[in-house]
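This report refers to the structure that appears directly beneath it.
All heavy atoms count here, side chains included; hydrogens, waters and symmetry mates do not. Source: prediction; values computed, not measured.
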Amino acid sequence: MESLPSGLEYSPMSHHMSILQEITGESLIDGRLMRSYKRSFNGFAARLSESERERIAEMEGVVSVFRSKKLQIQTTASWDFMGLKEGKNTKRNLAVESDTIIGLIDTGIWPESESFSDKGFGPPPKKWKGVCSGGKNFTCNNKLIGARDYTGEGTRDNQGHGTHTSSTAAGNAVAGASFFGIGNGTARGGVPAARIASYKVCTGTECGSEAVLSAFDDAIADGVDLISVSLGGDDGEVLRYEEDTIAIGAFHAMAKGILTVNSAGNSGPDPNTVGSVAPWILAVAASTTNREFLTKVVLQNSKTLSGRSVNAFDLKGKNYPLIYGDYIEGSQVKGKILVSGYSVSSDVAVATIIRDYKDYASISSRPLSALSPDDFEFLVSYVNSTKSTQGTVLKTEAVFNQKAPKVVSFSSRGPNIIAVDLLKPDITAPGVEILAAYSPLGSPTEDIDQRHVKYSVLTGTSMSCPHVTGVAAYIKTFHPDWSPSVIQSAIMTTAWSINASDIGVASTEFAYGAGHVDPIAALNPGLVYELDKADHITFLCGLNYTSKTLRLITGEAVTCTGNTLPRNLNYPSMSAKLSKTNSSFTISFNRTVTNVGTPTSTYKSQIVLNHGTKLSVKVSPDVLFMKSVNEKQSFTVTVSGSNIDPKLPSSASSIWSDGTHKVRSPIVVYTDIPDSI
């Protein structure tokens with residue numbers, strides 16, 4: 001650290017550069033100066049030899065020089081990031097948590113994983129009616145209490161996906177978990193004391209819809225409390241409710257008091273791609289946490305470029321010749337680092353540096369770093385203009401991500417094309433670079449990879465889904481009598497609001513719904529929006545479903561009476577699609593809230609306009625006087641405006657506050673949103 005020199009025209013950056021130039025004797029020190037601190041304190045970070053460090057420490061005005069250290073970022077990043085801390089740092093109701101059963105419909109499970117050890121567990125809850133039919137050499141225990149197989153392969157997970165989602169939702173706390181040292185720390189689920197039942201519906205190539213429906217049927221009868229489904233349609237396919245076996249199975253689960261949590265899909269960032277669109281399902285988008293994995297490329301002049309990958313290979317800092325080209329024969333790259341515009345790693349080169357547009361890191365089967373387009377173009381220019389260019393690719397390190405949470409690009413976006421007046425996805429949660437348990441039989445990558453691991457890093461809405469399942473289970477441990485709709489409402493109305501980090505439709509409520517899940521706040525939402533089976537049938541009637549089609553979903557004879565607008569479903573969010581963009585409009589939403597907070601309380605309405613929209617929003621009444629717990633009161637939200645942007649939703653937030661609780665609901669009005677951005 002250094003003291004500030006006097007002078008009116010002082011520039012910290014230029015001063016830091018002049019110090020480095022004086023010490024090193026080099027005129028170009030871009031590769032030496034790592035960071036320049038110039039706001040709260042005055043100093044800089046630089047690459048220095050020991051003799052250079054000693055000389056700079058003796059300079060006048062320099063207060064101190066100290067060595068940089070790598071701070072350890074824990075594997076528990078996602079749960080810590082959401083506020084659900086490890087051990088006694090989080091309030092828990094362990095007796096009820098131990099009686100909570102989560103059913104996971106997935107690729108199976110690896111029963112021998114330490115994440116599913118039953119050490120310290122008593123016998124299964126008395127309500128459990130399931131079986132352990134995992135197949136040959138498959139054993140359940142008091143943690144993994146049930147297993148069923150619908151594939152003919154046995155419930156053992158051959159891929160890793162189901163093991164990963166299961167441990168994310170309810171895995172034990174396992175110290176020292178990592179992917180070859182990357183992300184080292186304690187891996188754990190949201191409710192480590194809960195029990196797990198595994199329902200295998202997927203083989204290596206497909207997940208049969210008939211298997212999914214059978215799994216729902218069994219899980220409901222087995223006595224699970226929640227169902228987690230990290231599955232969806234092919235390539236952004238969005239199915240009508242009567243064709244969607246997840247929606248049908250979840251409807252029957254809802255009718256029996258079981259909440260289904262489902263991944264929103266991985267077909268973003270284009271609009272109209274969200275695949276989980278039923279109101280009786282909690283649909284989850286994927287976003288980042290405050291930890292990210294970076295793989296640095298260091299050139300021979302010490303210039304450093306930060307790329308993305310989960311690279312467990314260590315080149316020991318040794319420099320190798322860099323060679324650029326997209327069509328290079330194997331013999332030309334042997335003993336060199338290949339710089340290629342294609343997203344494939346070389347089996348012959350020492351390492352590969354590629355150009356990539358992804359905003360997340362994936363595991364590489366060979367030494368690899370994926371650079372942003374700008375950094376890649378810089379590197380290509382450098383390689384082409386410099387003779388005998390050398391560099392190295394470092395092992396991946398975990399770093400602090402200041403921009404979290406941000407919805408990742410691949411996460412499917414709304415609007416909902418099946419029920420246009422129902423906002424989907426509902427919520428976002430950590431789904432990027434998540435480390436959790438894995439099957440040793442599964443490949444860590446999509447390439448040929450001979451490594452076998454017990455813990456691995458995966459990214460997707462498949463990873464965000466079990467985070468919300470874990471949160472829902474956590475809420476249920478404190479409120480065992482809460483219905484699926486009450487739990488869903490609590491999660492949605494207490495979510496962190498997300499500020500748009502980018503412009504365009506991909507950074508609106510169509511990306512994140514009500515916001516980012518907040519487990520602690522969701523325990524005490526104040527007011528909730530309740531729904532039951534009859535409300536959902538009324539909603540389907542409002543979509544003009546026939547009795548024949550309704551029976552496909554509900555499994556029983558239903559006759560529609562009256563005509564209730566779908567947007568008046570008592571949902572925690574409010575959304576409406578307009579027929580015209582260039583005319584004035586006035587629409588209303590009818591809602592009823594139930595008091596689950598303080599018996600005597602007064603809630604006042606507040607409206608916050610989002611994204612610079614010019615809507616007029618009125619709430620009537622704008623004050624709710626609650627006199628008892630479970631009291632219900634109704635209100636109407638009226639939204640008016642004109643000439644709204646045809647490419648973006650116009651949105652606001654409705655907030656009911658009693659001074660302690662803030663019950664927030666997004667309001668979204670839109671017209672036809674183009675299919676691509």
Are any non-hydrogen side-chain atoms of [X] and [Y] less than 4.5 angstrom apart?
X    : Y    : answer
R551 : V558 : no
L231 : I246 : yes
H661 : P525 : no
L458 : I434 : no
S653 : S497 : no
L624 : T602 : no
T288 : E292 : no
L527 : M626 : yes

Quick one: do E97 and K476 satisfy salt bridge (Lys or Arg N to Asp or Glu O under 4.0 Å)? Show the steps, please.
CA-CA 8 Å; E97 186 173 317; K476 199 166 181 66; over 6 Å; no
Quick one: pull up [atom1] in [X] and [atom2] in [Y] and give me the separation to the nearest 0.5 Å.
X    : Y    : atom1 : atom2 : result
F589 : S654 : CZ    : OG    : 10.5 Å
N401 : K403 : CG    : NZ    : 8.0 Å
Q488 : M254 : CD    : CE    : 10.5 Å
I537 : T561 : CD1   : OG1   : 10.5 Å

Checking [X] side chain against [Y] main chain: does a donor-acceptor pair fall under 3.5 Å?
X    : Y    : result
S464 : G431 : no
T90  : K85  : yes
N524 : A521 : no
R413 : A506 : yes
E631 : K627 : yes
S601 : D658 : no
T289 : R291 : yes
T459 : E433 : yes
T469 : C465 : yes
S411 : A286 : yes

Could you report the tightest heavy-atom contact between [X] and [Y], atom names first, then the distance?
X    : Y    : result
V629 : P599 : CG2-CG, 3.9 Å
P484 : G257 : CG-C, 3.5 Å
P621 : V619 : O-CG1, 3.5 Å
D244 : G275 : OD2-O, 4.3 Å
I418 : L239 : CG1-O, 3.6 Å
G659 : S657 : N-OG, 3.3 Å

More than 12 heavy atoms of other residues, nucleotides or ligands under 6.0 Å from CD of E556: yes or no?
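Result for CD/E556: enclosed.
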NZ (K604) with more than 12 external heavy atoms under 6.0 Å:
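No.
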Check against side chain to side chain contact (heavy atoms under 4.5 Å, CB included), W482 and V596
CA-CA 10 Å; W482 278 11; V596 295; 4.1 Å; yes
Name the orientation class of the two ring planes belonging to Y529 and F635 (parallel below 30°, tilted from 30 to 60°, perpendicular beyond 60°).
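The arrangement is perpendicular - the two ring planes meet at more than 60°.
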Taking the six-membered ring for Trp, are W280 and Y241 parallel (under 30°), tilted (30 to 60°) or perpendicular (over 60°)?
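Answer is tilted, since the angle falls between 30° and 60°.
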I'd like to know if [X] and [Y] make a salt bridge, using a cut-off of under 4.0 Å between side-chain N and carboxylate O.
X    : Y    : result
K632 : E530 : yes
D359 : R308 : no
R188 : D80  : yes

Charged tip of R240 within 45° of Y545 ring normal and under 6.0 Å
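Relative to the ring axis of Y545, which defines the angle, R240 lies inside both limits.
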Does the Lys NZ or Arg CZ of K91 fall within the cation-pi geometry relative to F478 - under 6.0 Å from the ring centre and within 45° of the axis?
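Relative to the ring axis of F478, which defines the angle, K91 lies inside both limits.
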From CA spacing to verdict: side-chain hydrogen bond (donor to acceptor under 3.5 Å, both in side chains), S651, E509
CA-CA 8 Å; S651 65; E509 288 82 359; 3.0 Å; yes
Is it true that [X] and [Y] have ring centroids separated by less than 6.0 Å?
X    : Y    : value
W496 : F81  : yes
F510 : Y670 : yes
W79  : H467 : yes

Verify side chain to side chain contact (heavy atoms under 4.5 Å, CB included) between K647 and V505, making sure each step is shown before the conclusion.
CA-CA 7 Å; K647 295 181 180 179; V505 68; over 6 Å; no
Checking [Y] against [X]: is there a side-chain donor and acceptor pair closer than 3.5 Å?
X    : Y    : answer
N266 : T461 : yes
S634 : T592 : yes
T546 : T549 : yes

Could you point out which residue of V224, I227, T245 forms a side chain to side chain contact (heavy atoms under 4.5 Å, CB included) with F216?
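With F216 as partner, side chain to side chain contact (heavy atoms under 4.5 Å, CB included) holds for just one option, I227.
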Does the pair N93 and T477 meet the rule for a side-chain hydrogen bond (donor to acceptor under 3.5 Å, both in side chains), with working shown?
CA-CA 6 Å; N93 191 349; T477 64; 5.8 Å; no
Could you please spell out the steps behind the side chain to side chain contact (heavy atoms under 4.5 Å, CB included) verdict for S228 and T165?
CA-CA 9 Å; S228 189; T165 57; 5.8 Å; no
What pairs of residues pass the side chain to side chain donor-acceptor pair (under 3.5 Å) test when at least one of them lies in residues 418-428, not counting sequence neighbours?
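Those involving residues 418-428 are S287-T428, K424-D426, K424-Y571, D426-Y571.
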Filter on side chain to side chain donor-acceptor pair (under 3.5 Å), then keep only pairs touching residues 252-265, sequence neighbours left out; what's left?
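Qualifying pairs: N262-S276.
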Check the pair F410 / Y360 against ring pair (Phe, Tyr, Trp, His ring centres under 6.0 Å), numbers first and verdict last.
CA-CA 10 Å; F410 62 75; Y360 61 94; 5.2 Å; yes
List the steps and the verdict of side-chain hydrogen bond (donor to acceptor under 3.5 Å, both in side chains) for T100 and D225.
CA-CA 6 Å; T100 302; D225 294 294; 4.8 Å; no
Please evaluate residues H516 and I498 with respect to the criterion side chain to side chain contact (heavy atoms under 4.5 Å, CB included), reporting the C-alpha separation (whole Å), side-chain torsions for both, the decisive distance (0.1 Å), and the verdict.
CA-CA 7 Å; H516 190 286; I498 292 186; 4.1 Å; yes
